[in-house]
Amino acid sequence: MNIPKTYNPQDFEKDIYKFWEDNHYFAAKPNPDKKPYTIVIPPPNITGQLHMGHALNHTLQDILVRYKRMQGYETLWLPGTDHASIATEVKIVEAMAKEGLTKEQVGREEFLRRAWDWKNRYGGRIVTQMKKLGDSCDWSREAFTMDDNLSHAVRKVFVNLYDKGLIYQGDRIINWCPHCKTALSDAEVEYQEQASFLWHIRYPLADGTGSITVATTRPETMLGDTAVAVHPDDPRYKDMIGKELILPLVNKRIPVVADEYVEKDFGSGAVKITPAHDPNDYEVGKRHNLPVIRVMNDVGTMNDVVPAYQGLDRFEARKKIEEDLKAGGYLVEKEPYTHNVGTCYRCHSTGETIISRQWFVKMKPLAEPAIKAVKSKETRFVPDRFSKIYFNWMNNIKDWCISRQLWWGHRIPAYYCEECGHTVVSEDEPKTCPKCGCTHFRQDEDVLDTWFSSALWPFSTLGWPNKTADLDYFYPNSVLVTAYDIIFFWVARMIFSGIEHMGKTPFPDVLIHGIVRDELGRKMSKSLGNGVDPLEIIDRYGADSLRFSLANGIAPGSDTRFMPEKIESCRNFINKIWNASRFVLMNAEGVEIKPIDEVKKTPADKWILSRLNRVSREVCKNLDRYEIGIAASKMYDFVWSEFCDWYIELAKRVLYSDDAKAKQDTVSVLVYVLDMTLRLLHPYIPFVTECIYRDLPGAKETIMLQAYPQPVRKFAYGKEAKAFEGVMEIISAIRNVRAEVGVAPSKRINVMLVTSPEHQKTIAKCHAYIEKLAGAASVNYVDKDNLPSKVSSKVTSVAEVYLPLGELVDIDKEIARLKGEMDKLDKEIARSQGMLNNPGFVARAPQAVVDGEKAKLAANLDKKNKLQERIDSLK
RNA sequence: GGAAGCAUAGCUCAGCUGGUAGAGCGCUACCCUUACAAGGUAGAUGUCACAGGUUCGAGCCCUGUUGUUUCCACCA
C-alpha cells in the first residue's frame, strides 16, 4: 500500500485531472446505443476569473454530469466562454488609455485586433481555473460566442427574425450609458436608491396672469421641455389648459396640456414634459403631438440646443441651471428627496433615458410560446417558484433593444445602400441593391447585445444552423443549471430562442441555485473586497473539500454562506474517508479478494450491505430530483456513522483474529463496500475517490466510468439487519452505562443479559462484537433472580443488560439514573397512549401508522415494567 | 406600488408527498483503544417568529401579524 498517512490533495489533484483529460474520458459523441445526457455550461465571460458563484454552479453541474456518466448515459458537458461585449470592450479601452490612445484614434480594425489579441492571451484563464475545480467538460468542443459557426448562427437568427418582421429598427426611448457610450436593454439597468433633491420651478404664463410650479428631479432636462402637463380634472389648473408658458432660461413658449398620466397629489400636480429624455414624457408627447428635443449628447454633456450650457457635463449643467433659475427668481424650492436612479449594470454610472435610433426584437410573439412551454411544464423550473418570476417578466415584456454602440461583438448584418439608403438585411454583404441596383453598401456600425448570442447557446454550440448529428442527438439539452440572477438575461431568452429556431424548448429542466454570500451574509463584491477566491481555497484544502462544502446541505434556489468552518469540516470528512481507506487497504494487503457473492457473511456484513443498499437507493432518488444537498448529507452519514463508526470497528474483531478464512471474507466485504462508497461519492469529490480507487484490489483504469451503485436485491437482509441492530443497541447501552457510572474505558467488565430465547439466538453469534466494542470481558445469560447485588442496568428492546460493577455502583445514584430513564419513557408512553386513545386517529390514520404506534407502545410498556421491577428491587 | 423567499439548538443551515425535531461547528465529561486527535465514546441544549384555522395529527397546508432579505415596477 502506498497511500501516505495524511490526506494531502495537492499531491494528486493535478495529476489526476491530467490523467482524465489525456484519456479523453470527458469526450462525448452521438452514440445510438446510449441515451444522451447534455448540459451546456453557462459560458463565463472571457474577462472573468473563477469566483465562488462559478465554483458552486460548476460543482452542481459536474455532480450531475459525473453521476449520469457513471449511470451509462452518453454524457456531454459542453464548455465555452462568452465574448462579453461591454465588459471586454471596457477592458480594451482602459488598456489603450494607458498608452494614451482612444478607440477613435486606432479605428475599428486595429481595435478588434487588440481585442482578439487580448482574448487569445487572457480569455483562457478561466478555463484553466475550471480544470482545477475538476470540471469534466468535453474540452474538444470548447466554444466561444464569436467563433465562426456561432457567429454564423447569430447572423442567421437575425435575418430570420428580420424576415419575419420580428426585428425592426426605430427611434425609441432607450436606456443609455454615457460612460460606456452605448444603448442598454431594460434588463441591463439596475436601479439604485439615491439621496437627491426635488426642484420646484416656476414657469410663468405667457399672458402674465400667473404661473405654474413644476417639480422635477432632473432640472437640467428642462431645456428640452416641450410642455407642462396637468390632470384634466385638477381645479387648480383647469383654466390654464391650452394656455402657454414661458420656459425659463430658454424663453420659449410651451403649452399646458391635460393628461391623465399626471397624479394630482404628487408635488405641485404639474409635470414638465421632456419627451426626449423620459419614457413617460415621451408617451405624453406622442399623445399631444409635442416636439421631441434632445438636449444632451451621447457622452452625457449638454448639446448645442441651448448654447449657454453647451459642452457642460449633465451634473455641471444641473448646478449652473440651478444657479440661473435662482438668479431669475424661478426656483421656488429645493427639497431633499430620495429616489431610484437607473445605473449601468456594467459600469454602475448613472444612466440616461434618451431617444435614439436602435434595433429591437419584437417580443410579444416570441414570449407567447415561451410562456406556454413553462405553463405546460415542457420546461420546468426547480424549484417551481422561479416559474412565477419568469411569468411575471415574460407577461410584461417590452421589446428588446439589441443594438449596442460598441465594436467588440457580432456586427449587425444590416447594410445600407450608399446610393438610395435602402436597408438590406442579409447574412453576407449584398452584391447589388434591390432598389437602385448600385453595388456600394455600408454595414451598420453597431454590434449586438451579448445576450443575443448567448440566447442561442444550447444549439449554436452543437452546430446549428447546420443540420448536424450532434444537434440531433444532444438537443434538447437535459438540464440547465444556473443562478437565479440571470433568469431574465439568459434563461428566458434561451427558451424563446430554442422554441423559435429549433421548434423545441432547449431543456426540460432548469435547476436554479442561489448565490454564495460571505460569512456575514453579504453579497461578494469587488467593491466590498469580501470575495473569497476559490483558487486559494483549492490550494489550501483541495478542490474536493471546496466542492463538497458547496454541495452539502444546500437547498435549490436558496443562497449559501461561505463558512471557513464548513470547509474544514468537509476536509475532515474527506480525511476520514482517506483514513478508512488506508485501513481497508492495509488489511487487504496480501489477501486475495473474493467476489462479494462468494463471501460467507457475518451478521455485521449483512447489516452494512443492507445499509449500503439503502444509501445507494436514496442517493439516486435524491439526485434524480436535484436534491444534491440531501444526497450529500446521506453519504456523509453513511460513511462516518455507519461504515466507519460501526462496520470498521466491528470488522476489527475478525481482522485481528487468526482466522485467515474469516479475515479474507471480511476484507472482501470491506473492499466491496469501500469500492461502492467511492463510486457513490465520486461525483462530489472526484479527485480523492479516483486517487483511492486506484489502489483498490481489482480496480479498473478509472472510477469515472464504473457503474454507479444501485440497490442489490439480494443484499436487502431486512430481518437480519434489524436483528443485528438489536446487538448494536446492547453495545450502545453498555457504553452508555459505563460512561454514566464512570467505568474506566480500559476496564473490561462481565456483561449479563436477560432475554428471550429468540433474541439470545441472534445475540449469541455476536458476543465477540460486544466484547470488542463495549469492553466486555464476557457475555452471559442469567436468570433475573440470580443477579449480584451491585449491578447497574439498562433495558433495551431486545434484552435487559446488567453490569456487575461492584464498588462503582452507588445504589442511590443508580436509582436516580433509572428514574431519569423512566421519566423519558413515561413521556413516550403518554404520547403513544394519547394518540391511540384518540378514536379519530385509530379510525382515520393509515393502518401502518396505527400499527407502528401500537407496537411502540407495547415495547415501551414492556420496557417500563422491566425498569420498574429493577427500581423496586434496588429499593 | 406589486411579488417572492426566509424566520428551526449558542452560530451556520437541512428537514422529501403532514405521522415521535436533525447535521456541522461550538459546548461538557472521559479517552493517545495498532485507519484517523483533521480522531473516539458518552452527553446537554429547541413553546420550529407570533396569532388564528384546516386535520385524528401541523416545522411542513390555509389566513393574518411582525421582523428580514431579494426581485419587479419606477410618480415627475
Side-chain angles (χ1 to χ4, degrees), chain A residues 3 5-7 191 198 214-218 221 229 261-263 265-274 278-281 339-342 383 385-386 388-389 392-393 396 484-485 487-488 514-515 519 521 523 549 552-555 557-561 563-566 568-587 618 621-622 625 627 629-630 632-633 636-637 641 644-645 648-649 652 656 732 735-740 742-746 772-775 827-828 831-832 834-835 838-846 848-850 852-853 856:
Chain A
I3 297 186
K5 192 176 170 187
T6 36
Y7 164 58
Y191 288 89
L198 197 56
V214 299
T216 179
T217 52
R218 303 286 316 274
T221 63
Y261 149 74
V262 180
E263 290 283 329
D265 300 329
F266 186 90
S268 61
V271 192
K272 65 191 240 358
I273 300 297
T274 324
D278 183 283
N280 291 311
D281 292 6
H339 66 139
N340 279 333
V341 176
R385 66 186 141 92
F386 288 101
K388 281 183 214 159
I389 295 179
N392 183 47
W393 192 70
N396 299 304
Y484 53 72
D485 55 354
I487 291 178
F488 306 138
I515 58 173
E519 218 177 327
K523 217 168 173 170
S549 79
N552 188 22
I554 56 157
S558 41
D559 294 347
T560 51
R561 290 192 199 194
M563 294 275 169
E565 310 92 73
K566 198 171 168 188
E568 269 178 37
S569 82
C570 290
R571 190 269 318 265
N572 294 353
F573 171 59
I574 296 172
N575 185 55
K576 187 78 182 175
I577 297 168
W578 183 267
N579 280 296
S581 305
R582 278 180 61 229
F583 174 82
V584 173
L585 295 173
M586 266 164 64
N587 284 286
E618 301 221 328
K621 195 180 85 184
N622 290 133
R625 295 184 187 172
E627 290 163 352
I630 295 175
S633 310
Y636 185 102
D637 286 343
S641 312
C644 293
D645 288 350
I648 285 185
E649 293 307 318
K652 285 177 182 173
Y656 298 159
S732 297
R735 286 169 169 173
N736 176 285
V737 172
R738 292 181 62 124
E740 288 202 17
V743 184
S746 54
K772 176 83 193 159
L773 268 66
K827 272 187 201 160
E828 268 307 290
R831 192 192 55 80
S832 293
M835 284 173 85
N838 181 339
F841 174 70
V842 182
R844 300 198 185 197
V849 176
V850 176
E853 205 54 47
K856 243 181 270 168

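Because the structure is a prediction, the values reported are computed rather than measured. Naming convention: chains lettered A, B, ... in sequence-line order (proteins, then strands); numbering from 1 in each chain.
The closest side-chain heavy-atom distance from A:R571 to A:E568 is below 4.5 Å. Contact check for A:N579 versus A:Y7: no side-chain heavy atoms found under the 4.5 Å cut-off. A:M835 is not listed as a side-chain neighbour of A:V850, based on a closest heavy-atom distance of 4.5 Å or more.
Spacing of C1' atoms, B:U20 relative to B:C6, comes out at 27 Å, to the nearest Å.
The side chain of A:R385 places no N or O atom within less than 4.0 Å of a non-bridging phosphate oxygen (OP1 or OP2) of B:A4. Residue A:N736 has a polar side-chain atom (N or O) positioned under 4.0 Å from OP1 or OP2 of B:G43. Contact annotation: A:S558 side-chain N/O to B:A14 OP1/OP2 distance is under 4.0 Å. Of the side-chain N and O atoms in A:Y656, one or more sit less than 4.0 angstrom from OP1 or OP2 of B:A35. Distances shorter than 4.0 Å separate none of the side-chain N or O atoms of A:K388 from OP1 or OP2 on B:C71. Dashed line: the shortest gap from a side-chain N or O of A:K576 to OP1 or OP2 of B:G39 is not under 4.0 Å. Checking the phosphate oxygens (OP1, OP2) of B:C36, no side-chain nitrogen or oxygen of A:R582 falls inside 4.0 Å.
Across all strands, A:N552 comes closer than 4.0 Å to no nucleic acid atom at all (heavy-atom distances). Contact annotation for A:K5: backbone-only contact, meaning every heavy-atom pair under 4.0 Å involves sugar-phosphate atoms and none involves a base. Note on A:E519: nothing from the nucleic acid sits closer than 4.0 angstrom, heavy atoms only. Nucleic acid contact class of A:G553 (heavy atoms, under 4.0 Å, all strands): sugar-phosphate only. Using a 4.0 Å heavy-atom cutoff across all strands shown, A:V584 reaches no nucleic acid atom at all.
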*Should A:Y484 and A:I515 be marked as a side-chain contact (heavy atoms from CB on, under 4.5 Å) after you check the CA-CA gap, both sets of side-chain angles, and the distance that decides it?*
CA-CA 8 Å; A:Y484 53 72; A:I515 58 173; 3.6 Å; yes
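Residue side chain A:R571 reaches the base of B:A38 through a donor-acceptor N/O pair under 3.5 Å, judged by distance alone. Residue-to-nucleotide contacts include a donor-acceptor pair under 3.5 Å from the side chain of A:N340 to the base of B:C74.
Annotation: A:D265, atom CG; neighbour count of heavy atoms from other residues, nucleotides and ligands within 6.0 Å does not exceed 12. A:R844 CZ: 12 or fewer foreign heavy atoms inside a 6.0 Å radius.
Taking every side-chain heavy atom of A:E828 into account, B:U20 is the closest of B:U41, B:A35, B:U20. The listed nucleotides are B:G19, B:C56, B:U12; the one nearest the side chain of A:M563 is B:U12.
In this pair, A:F583 and A:Y656 present their aromatic rings perpendicular. The plane angle is above 60°, beyond the 30 to 60° band.
Of the charged side-chain nitrogens involved, at least one lies within less than 4.0 Å of a carboxylate oxygen, so that A:R831 and A:E853 count as a salt-bridged pair.
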Give me the distances for all protein-to-nucleotides 23-33 of chain B N/O pairs that come in under 3.5 Å?
from, atom 1, to, atom 2, distance (Å)
B:G24, O2', A:S569, OG, 3.2

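Nucleotide B:A21 forms a pair with no other nucleotide shown, judged by Watson-Crick or G-U wobble geometry with both contacts under 3.5 Å.
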